[in-house]
*Asks:* 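My structure is below; once you've seen it, I'll send some questions.
Nothing fancy with the numbering, it's 1 onward along the sequence. This one's a predicted model, so the numbers in the text were calculated from it and none came from an experiment.
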Amino acid sequence: MRRRDSMWRSQAWQVPTTSGPRGTGWNELWVALRFQQINETSGREALRPIAIAYLERVVAFAFADDEIEQHELGQLS
């Protein structure tokens with residue numbers, strides 16, 4: 001059980017760093033979550049710190065140049 005959870009969390013961390021918060025990577029991640037019979041609430045709890053870290057990076061880069069462009073705002077919604 002721990003190994004499965006660890007593998008899923010590792011995959012969860014890789015998705016936002018490679019493909020962002022949308023797209024096939026996220027879809028595949030949720031399919032894996034269901035396949036491994038991980039409760040959705042537990043999955044969301046595990047994803048929360050990952051999502052916050054992703055948002056912190058996006059916001060930091062968006063504000064780094066003191067100019068917020070439309071495509072940068074689109075990444076936050």
*Asks:* Hey, could you give me the CD1/CG distance between Ile50 and Leu55, rounded to the nearest 0.5 Å?
*Replies:* 12.5 Å

*Asks:* With sequence neighbours left out, what residues match Ala51 under side chain to side chain contact (heavy atoms under 4.5 Å, CB included)?
*Replies:*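 With neighbours one apart ignored, the set is empty.
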
*Asks:* Does the side chain of Val31 reach to within under 4.5 Å of the side chain of Trp26, using non-hydrogen atoms?
*Replies:*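 No. Closest side-chain heavy atoms not under 4.5 Å.
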
*Asks:* Can you list every side chain to side chain donor-acceptor pair (under 3.5 Å) pair that touches residues 41-51, not counting sequence neighbours?
*Replies:* Asn39-Thr41, Glu40-Arg44

*Asks:* For Thr24, which residues count as a side chain to side chain contact (heavy atoms under 4.5 Å, CB included) partner, sequence neighbours excluded?
*Replies:*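 Scan of Thr24 (side chain to side chain contact (heavy atoms under 4.5 Å, CB included), adjacent residues dropped) gives Glu28.
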
